[in-house]
**Q** 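What follows is a structure written as structure tokens; I'll ask about it next.
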Amino acid sequence: MTEEMNAIQHLLEVEADASQLVNEAQKKADVIISEARAKAESEFKTTYAKFAEKLEANESARREAIDDEQKSVFSEYVQSLDSTPKDKESFNTLLQKLLFA
């Protein structure tokens with residue numbers, strides 16, 4: 001019976017050692033995962049910030065180009081209106097007919 005007790009005691013010790021090894025491995029894995037997650041988040045934030053900055057710069061440049069084009073088109077339109085001959089007599093005659101006829 002003593003031999004059986006020694007065998008059982010030995011198995012319990014082996015199980016305790018294995019449990020301790022598993023716990024240590026889990027702690028190390030948790031640390032590695034935590035560090036990897038922190039590194040990935042940091043890299044993501046850096047990449048995202050660079051991408052956002054680039055998009056904002058492109059958007060700003062495009063907005064300025066559109067504004068310049070719009071001002072140019074509007075200026076051309078105003079010039080075309082200014083250069084169009086105006087027939088005030090005909091306009092006044094039309095108004096007289098429409099309003100007082």
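Since the model is a prediction, treat every value here as computed from it, not as a measurement. All heavy atoms count here, side chains included; hydrogens, waters and symmetry mates do not.
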**Q** For Lys97, look at atom NZ and say whether over 12 heavy atoms of other residues, nucleotides or ligands are found less than 6.0 Å away.
**A** no
**Q** Would a distance-only check, ignoring hydrogens and angles, find a side-chain to backbone donor-acceptor pair under 3.5 Å from Lys86 to Thr84?
**A**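 A pair under 3.5 Å: yes.
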**Q** When rounded to the nearest 0.5 angstrom, what distance separates CG in Asp30 from NZ in Lys27?
**A** 9.5 Å
**Q** Backbone N or O of Gln79 within a donor-acceptor pair of the Ser83 side chain at under 3.5 Å?
**A**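 Present.
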**Q** About how many Å separate CD of Glu56 and CZ of Phe51, when rounded to the nearest 0.5 Å?
**A**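 Rounded to the nearest 0.5 Å, the CZ-CD separation comes out at 11.0 Å.
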**Q** Please report the interatomic distance CG(Leu12) to CE(Met5), rounded to the nearest 0.5 Å.
**A** 9.5 Å
**Q** Would you say Thr47's side chain and Glu43's backbone share a donor-acceptor pair under 3.5 angstrom?
**A**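 Yes, the answer is positive, given that a donor and an acceptor are paired below the 3.5 Å cut-off.
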**Q** Any salt bridge (charged side-chain N to carboxylate O under 4.0 Å, His left out) pairs touching residues 62-74, not counting sequence neighbours?
**A**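 Listed once each, the pairs are Glu59-Arg63.
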**Q** Could you pull out all residues at least two apart from Glu89 that satisfy side chain to side chain donor-acceptor pair (under 3.5 Å)?
**A**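 Counting only residues at least two positions away or on another chain, Glu89 forms no side chain to side chain donor-acceptor pair (under 3.5 Å).
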**Q** Can any side-chain N or O of Ser19 pair as donor or acceptor with the backbone N or O of Glu15 at less than 3.5 Å?
**A**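 No, because the side chain of Ser19 does not come within donor-acceptor range (under 3.5 Å) of the backbone of Glu15.
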**Q** Quick check against the 3.5 Å criterion: does Ser80 have a side-chain atom that pairs as donor or acceptor with the backbone of Tyr77?
**A** yes
**Q** Check whether any side-chain heavy atom of Ser72 lies under 4.5 Å from a side-chain heavy atom of Glu76, and answer yes or no.
**A** yes
**Q** If I take atom CG from residue Leu95 and atom NZ from residue Lys88, how far apart are they, to the nearest 0.5 angstrom?
**A** 13.0 Å
**Q** Surrounding CD of Gln70 (heavy atoms of other residues, nucleotides or ligands, distance under 6.0 Å), is the total greater than 12?
**A** yes
**Q** I'd like to know if the side chain of Gln96 pairs up with that of Asn92 as donor and acceptor (distance under 3.5 Å, no hydrogens or angles considered).
**A** no
